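See structure below.
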Amino acid sequence: MSKNLESTSMRDLLCASLRESDVGTQVSVCGWVAKRREHGEHLAFLDVRDHSGIIQAVVEARSTFVVSTSYE
């Protein structure tokens, strides 16, 4: 997990700080769900927002979050 000036006890990075190089790594973000889109019974997309931007989390049934970045 990254340690930088944006880190707190609840997050490693701000949403806008995530980059393509973070794909496949475990990070913690702290924000609120701005939108949830269901794709069938076992898959959902969550737009997680903080004051810096939005990320999209792909949530599969019985699994952990997989995070990809989304820029506005």
Side-chain angles (χ1 to χ4, degrees):
M1 292 186 197
S2 303
K3 294 294 178 197
N4 61 39
L5 296 176
E6 298 171 348
S7 294
T8 69
S9 61
M10 295 181 68
R11 70 167 182 248
D12 297 324
L13 295 168
L14 295 171
C15 290
S17 298
L18 290 169
R19 298 289 179 253
E20 188 174 340
S21 60
D22 293 314
V23 172
T25 63
Q26 181 176 341
V27 298
S28 296
V29 296
C30 182
W32 60 94
V33 176
K35 188 182 289 184
R36 179 184 174 121
R37 294 178 306 285
E38 299 286 337
H39 281 280
E41 188 175 321
H42 302 290
L43 185 67
F45 295 95
L46 304 178
D47 290 346
V48 180
R49 176 185 287 271
D50 66 13
H51 73 275
S52 69
I54 301 173
I55 61 166
Q56 183 179 79
V58 179
V59 183
E60 299 178 47
R62 299 184 201 105
S63 72
T64 57
F65 286 171
V66 177
V67 177
S68 62
T69 57
S70 174
Y71 301 99
E72 292 184 347

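Quantities reported herein were computed from a predicted structural model and do not represent experimental measurements.
- Heavy atoms only, all atoms of each residue included: C30 and D50 are closest at O-CB, 3.5 Å.
- Annotation: the span from R49 atom CZ to I54 atom CD1 amounts to 3.5 Å, rounded to 0.5 Å.
- The two atoms that bring C15 and G53 nearest to each other are CB-O, 3.7 Å, heavy atoms only.
- Taking all atoms of both residues into account, the shortest heavy-atom contact from V27 to L13 is CG1-CD1, 4.4 Å.
- Nearest heavy-atom pair, V29 versus I55, reported as atom, atom and distance to 0.1 Å: CG2-CD1, 3.7 Å.
- Considering all non-hydrogen atoms of both residues, E60 and L43 come closest at CG-CD1, 3.7 Å.
- Residues passing the ring-ring contact (aromatic ring centres under 6.0 Å, His included) test with H51, sequence neighbours excluded: none.
- Residues V59 and L46 share a closest heavy-atom pair of CG2-CD1, 3.7 Å.
- Taken from CG in L18 to OG1 in T25, the straight-line distance is 7.5 Å, to the nearest 0.5 Å.
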